[in-house]
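A short write-up of the structure that comes next.
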Amino acid sequence: MASISPETSPAPWLSQVRAVFAKEWITEMRSRHGIFVSGLFGVTAVIALVFASYTFKPSPLLAAGILSVILTFSSLLGVPRLFISEEEQRTFDLLMVLVDPGPAYFGKTLVTIVTTALTGFLLSLLYVVMVGIPVESWPLFWGSILVLSLALGASVSFAGALVLGAANRWVLAAAVAMPFLFPLVAMGVGALGAAFGDGRESDGWRNCLAILGMGVCLLALGPALVPTVWRPGSNHPRKK
Amino acid sequence: MNFRLFALGLLAIPVALATFLVPDARGFKEPALARMIFWHVPCALLSSLFVLVAAYYAVRYLNSPKMKWDIRVGAALELGALSAGLAMATGILFSRVQWGAWWHNDPRQTSFLIVLLTMLAGLALRGALSDEIKRASSTAVYCVASVIPLIFFTFVFPRLPQIAGNSLHPSQTIAQGQLDTNYRVVLYATFFLLFLCFVALFRRRVKVGEMELTLENLNELDTDRRRDPTDPGVVRPVSLPKGH
């Protein structure tokens, strides 16, 4: 873990990101709260679907839609915690003393993406096995899950970072994340649907590319914009 | 009376009359009620316009954080939500009258509902933050970032080949000149009228916001003046017994 302290000159950007990533990862692995919440929600949703679909088998497109929705809501449940809990534990100001807002945001987002990807991979596998959906293209299936996890993690982190300090921030995080999540669900259905055999594989890869583009956009926008929200008073001539 | 508002009122009369005087449209279940598009389409366009206006002022706020930009961002969001709400309401009525149900699972209806919800989420974010500077910066960042999905849902998603084919909404009727000349002229006129109305509302809302800000500043100044500099506040003077 890179050492950083307020007395020394600011550490390089990447060192700060590494330090925040390590801190968040160790905290997450100690409690596993986020992974458990997301995972349990996903498992419950899959089991509920298995119960509901005894008498019929979902079509590829419907199966893709349900999986996209499960992944979206499971990320929405567990992920903004990384940002919001920091404020609830009153350690956010201390973090801002030690690292710059940009690297802090990026480090947290990376942990979010990794945990979303982990739960995403496990849930997708469970879903395919339990619901019994035949996968026509495994590379496209895993590729879709990977890019969807990246984009979902980036979107939910962005929303979580925006609502810090707000009343009802858990509910608000979901509402603010919504405009970024709906396009992902729409494109995720296209990509996963193609993986399950609905439509051409090339169209599925095109959807993957669009999801990746949106994820990268949010990932790049976040560190540039979020510091304005986290340190709003630094260059603000109050009320002009 | 304000001359501009008077002129706007005068303009509204012939435009409103024209919407009734054009002949009934052909090919509709209820031809007389097809006139609803005169209000529905401009409201939808204006809501998209206000999204862009909010994003423009949000960028200006991020460049130089002054509260006057934040007031404009808030006004644009409010009026965008209002016009989107009007577009939804007229759209739902049209759907009931012409297509037989209040709500069809139409991609364009759903995507526009998401646009409306996005603006409402922006307003919810504004309402949830009590610190005005934090509120201003959070809203600005949200408005800038939400432009990408809003453009996707307003302009890209409804025109995707697989979506456009399944939608009840005609996607290129106006752009390809398939609309009757009378209808086109009246549609442009109502758009112009509504545009002027919303610009007037926007200016009024900005003025109200600026007056609120001035009043707040005056109140703070007044509180500062009334405060006695020698007053120790809540701290009670304590004297220690002699010998300590």
Side-chain angles (χ1 to χ4, degrees), chain A residues 61 101 105 151 154-155 158-159 161-187 189-190 193 198-200 203 206-207 210 213-215 217-218 220-222 224-240, chain B residues 51 58-59 61-71 107 110-111 113-153 156-157 160-163 210 213-214 216-217 220:
Chain A
L61 208 58
Y105 171 80
S155 310
F158 191 76
L162 279 189
V163 300
L164 284 185
N168 298 323
R169 46 188 88 96
W170 283 98
V171 181
L172 196 63
V176 170
M178 187 190 59
F180 311 108
L181 295 179
F182 278 124
L184 295 179
V185 172
M187 292 182 287
V189 172
D198 185 276
R200 286 179 301 177
D203 288 343
R206 216 167 285 147
N207 273 308
M214 189 157 169
C217 264
L218 279 174
L221 268 179
L225 291 178
V226 166
T228 329
V229 180
W230 284 0
R231 275 185 183 164
S234 57
N235 62 339
H236 199 291
R238 201 168 179 92
K239 291 183 195 172
K240 276 197 173 172
Chain B
V51 166
V59 170
Y61 177 83
L62 293 173
N63 273 338
S64 75
K66 292 175 183 167
M67 292 313 281
K68 65 176 184 179
W69 304 133
D70 175 59
I71 290 168
T110 315
S111 70
L113 180 65
I114 295 170
V115 172
L116 172 64
L117 289 175
T118 304
M119 281 186 262
L120 292 179
L123 289 174
L125 180 66
R126 277 181 82 75
L129 290 159
S130 53
D131 182 81
E132 60 192 7
I133 294 173
K134 190 151 176 47
R135 179 175 64 216
S137 46
S138 289
T139 315
V141 170
Y142 176 79
C143 284
V144 170
S146 61
V147 161
I148 305 166
L150 283 176
I151 286 176
F152 174 81
F153 278 118
V156 181
F157 180 71
L160 291 175
Q162 67 270 30
I163 299 298
E210 283 173 349
L213 193 65
T214 312
E216 241 174 78
N217 284 342
E220 274 180 22

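Here is how names work: the chains are called A, B, and so on, in the same order as the sequence lines, proteins then strands, and each is numbered from 1. These numbers come from the heavy atoms of this one structure, side chains and all, not from hydrogens, waters or symmetry mates.
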Considering all heavy atoms, the nearest B/Tyr142-A/Pro179 contact: OH-CG, 3.5 Å
All side-chain hydrogen bond (donor to acceptor under 3.5 Å, both in side chains) counterparts of B/Thr214, not counting sequence neighbours: none
Heavy-atom contact with chain A under 4.5 Å, split by part of B/Leu150: neither
Under 4.5 Å from any heavy atom of chain B - which part of A/Leu225: both
Portion of B/Val144 that has a non-hydrogen atom of chain A nearer than 4.5 angstrom: side chain
Within-4.5 Å side-chain heavy-atom neighbours: A/Phe182 and B/Ser111: no
Best-contacting candidate, B/Val141, B/Thr118, B/Leu129, B/Ile148, against chain A by heavy atom pairs under 4.5 angstrom: B/Val141
Part of A/Leu162 lying under 4.5 Å from any heavy atom of chain B: both
Backbone of A/Gly199 reached by a side-chain donor or acceptor of A/Asp203 within 3.5 Å: no
Partners passing salt bridge (charged side-chain N to carboxylate O under 4.0 Å, His left out) against B/Arg135 (at least two apart in sequence or in another chain): none
